[in-house]
Amino acid sequence: MKTTFSIIKADVGGTPGHSTVDQRLMDVANEKLKEAKESGLIKDFFVTHCGDDLELIMTHDKGEDNEEIHALAWDVFTAATEVAKELGFYGAGQDLLKDAFSGNIRGMGPGIAEMEFTERKSEPVVAFLMDKTEPGAFNLPIYRIFADPFNTAGLVIDPNLHHGFVFEVWDIKEHKKVLMETPEEMYDLLALIGAKSRFVIKRVFPKEGGKLPANEPVAVVSTEKLFQIAGEYIGKDDPVAAVRAQSGLPALGEVLEPFAFPHLVSGWMRGSHNGPIMPVGIKDAKCTRFDGPPRVVAIGFQVKNGMLTGHADLFDDPAFDYTRRRAMEIADYMRRHGPFEPHRLPMEDMEYTTLPKVMDKLKERFEEV
Ligand code: F6R
Ligand code: MG
Ligand code: MG
């Protein structure tokens with residue numbers, strides 16, 4: 001029997017502004033998912049938030065893209081939206097782009113990261129939840145976890161990791177995907193995923209002939225780009241990811257290690273600025289300064305027979321204090337650029353915001369040079 005680990009998230013209203021999720025919305029989610037667990041639809045669940053995003057973490061045996069599971073998540077989000085509307089929370093229902101559920105939550109606004117796998121004797125899985133950034137923010141850490149020997153000692157030391165991994169990369173503008181192998185194709189892979197607003201790592205697989213089945217993912221990232229769904233800048237595509245760890249895979253500490261470097265990501269303030277991503281515990285997962293800086297939470301689970309038997313809030317740890325301090329130094333440095341690139345996103349990425357309107361207004365006044 002295989003287990004499916006699903007993270008489905010949406011911003012259904014912030015309190016105050018776009019900063020955080022009110023406990024009452026999480027209470028709605030907890031109640032609904034408790035009922036679903038009692039009815040046998042899901043095996044287990046964990047509700048949390050990162051910034052203004054409500055995060056549903058669920059385990060079940062229904063596989064990826066299951067209609068009942070997606071309908072359940074949609075139901076939770078619409079119920080939470082009702083409460084958010086009553087209480088006047090900010091942007092209530094902002095990520096629910098469609099009026100009614102139509103079989104699959106993909107393309108309807110929420111972000112989804114799901115993977116189905118055969119449980120090992122002991123199965124550690126980390127849920128990474130980001131706010132105020134975009135799916136490409138996961139490219140650097142996922143690459144480093146599975147392909148960088150300076151990050152993951154196991155790539156050098158453990159014979160089970162030595163032959164590398166397969167990366168599924170999506171071109172989110174052309175809606176195409178390609179499978180690439182590391183270490184053989186690492187330069188080509190980096191050529192693509194360094195362009196993180198276009199090419200995003202969707203999944204990572206073990207290679208054939210290893211300890212784990214080659215057709216079962218060991219990592220998955222949500223890749224929903226809301227402006228492409230809605231055709232204009234609307235909602236936010238703050239991403240989530242799930243990564244399996246240990247025994248033939250990168251160790252838990254190797255999975256967390258890339259986040260000790262607060263790399264620059266896009267999506268801060270109005271989805272239009274670059275800034276460092278700061279790893280935080282859930283208690284600090286609220287966006288404040290300049291609506292940020294972008295944050296990432298890591299909840300580690302042990303999964304046994306589809307149950308979440310133990311969990312820990314992994315960045316809620318002094319070991320990441322130094323990274324947080326560095327992130328704030330970088331945030332301060334970036335802020336000094338105000339409306340200038342590279343703090344503000346380049347033209348190409350601003351296409352979906354106000355820039356076309358400014359250009360339109362000035363178009364008559366431009367002269368030949
Ligand atoms: C939302 C976000 C925020 C908003 C900003 C303006 O996740 O990134 O930075 O873009 O607060 O929001 P509005 O236009 O709703 O006032
Ligand atoms: Mg919001
Ligand atoms: Mg958000």
Side-chain angles (χ1 to χ4, degrees), residues 7-26 29 47-57 73 76-78 80-81 83-85 87-97 108-113 127-138 197 221-227 229-230 232-241 264-280 282 284-297 331 334-335 338-339 343-345 349-358:
I7 313 175
I8 307 186
K9 48 103 6 196
D11 177 351
V12 293
T15 330
H18 290 287
S19 65
T20 188
V21 175
D22 189 272
Q23 184 58 46
R24 283 165 284 185
L25 302 194
M26 290 192 276
V47 173
T48 188
H49 77 102
C50 181
D52 57 5
D53 297 314
L54 177 59
E55 316 273 358
L56 315 179
I57 299 167
V76 171
F77 293 141
T78 44
T81 296
V83 176
K85 280 185 178 158
L87 297 169
F89 289 165
Y90 197 70
Q94 73 162 44
D95 284 353
L96 305 186
L97 304 182
M108 299 183 70
I112 307 120
F128 288 104
L129 319 166
M130 290 182 173
D131 190 34
K132 306 296 182 262
T133 185
E134 56 170 12
F138 274 110
S197 62
V221 180
S222 68
T223 46
E224 282 68 31
K225 280 291 257 184
L226 295 194
F227 73 75
I229 296 168
E232 60 179 316
Y233 186 80
I234 179 175
K236 280 286 301 228
D237 30 37
D238 307 315
V240 293
L264 292 175
V265 300
S266 305
W268 190 4
M269 183 51 94
R270 300 177 183 277
S272 305
H273 292 80
N274 287 312
I277 189 135
M278 183 160 78
V280 291
I282 297 170
D284 297 316
K286 60 172 181 278
C287 292
T288 54
R289 185 172 176 190
F290 201 54
D291 282 0
R295 299 188 192 217
V296 56
V297 163
M334 295 299 284
R335 278 302 303 129
H343 182 29
R344 200 192 70 181
L345 298 193
D349 296 329
M350 297 284 291
E351 263 171 37
Y352 299 91
T353 59
T354 49
L355 217 56
K357 290 183 192 118
V358 175

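Start at 1 and go down the list; that is how both ligands and their atoms are numbered.
Between Lys132 and ligand 1, at least one pair of N/O atoms sits closer than 3.5 Å. For a threshold of 3.5 Å applied to N or O pairs, the pair formed by Arg270 and ligand 1 contains at least one separation below that value. The shortest N or O to N or O distance between Asp238 and ligand 1 is not under 3.5 Å.
A donor-acceptor pair is defined here as one N or O able to donate and one able to accept, closer than 3.5 Å; such a pair exists between the side chain of Lys9 and the backbone of Asp238. At distances below 3.5 Å, not a single donor-acceptor pair connects side-chain atoms of Thr133 with backbone N or O atoms of Asp131.
Nearest to atom 3 (C) of ligand 1 by heavy atom, out of Asp53, Asp237, Asp95, Asp291, is Asp291.
When each atom of ligand 1 is checked for a heavy atom of Met269 under 4.0 Å away, the hits are 9 (O).
Between Phe290 and His343, the ring centre distance stays below 6.0 Å.
The line from CD1 of Ile57 to CD1 of Ile8 is 11.0 Å long, rounded to the nearest 0.5 Å. Separating the CD1 atom in Ile7 from the CG atom in Leu129 is a distance of 6.0 Å, to the nearest 0.5 Å.
Per residue Asp238, closest N, O or S atom to the Mg ion (ligand 3): atom name OD2. Counting just the N/O/S atoms of Asp52, the one with the shortest distance to the Mg ion (ligand 3) is named OD1. Taking the N/O/S atoms of His18 in turn, the shortest distance to the Mg ion (ligand 2) belongs to ND1.
Counting heavy atoms from C-beta on, the side chains of Arg24 and Phe89 come closer than 4.5 Å.
Within the 4.0 Å heavy-atom shell around ligand 1 one finds Tyr90.
With sequence neighbours excluded, the residues that form a ring-ring contact (aromatic ring centres under 6.0 Å, His included) with Phe128 are Phe259. Under the ring-ring contact (aromatic ring centres under 6.0 Å, His included) criterion, His49 pairs with no residue, sequence neighbours left out.
Here Asp52 has side-chain heavy atoms under 4.0 Å from ligand 1, and that is the only part of it that gets that close. The side chain of His18, and not its backbone, has at least one atom closer than 4.0 Å to an atom of ligand 1 (non-hydrogen atoms only; side chain from C-beta on).
For the pair OD2 of Asp53 and OD1 of Asp131, the angle whose vertex sits at the Mg ion (ligand 3) is 70° to 10 degrees.
Salt bridge absent: Arg295 and Asp284 never bring a charged side-chain N and a carboxylate O closer than 4.0 Å.
Among the atoms of Asp11, none of the N, O or S atoms falls under 2.8 Å from the Mg ion (ligand 3).
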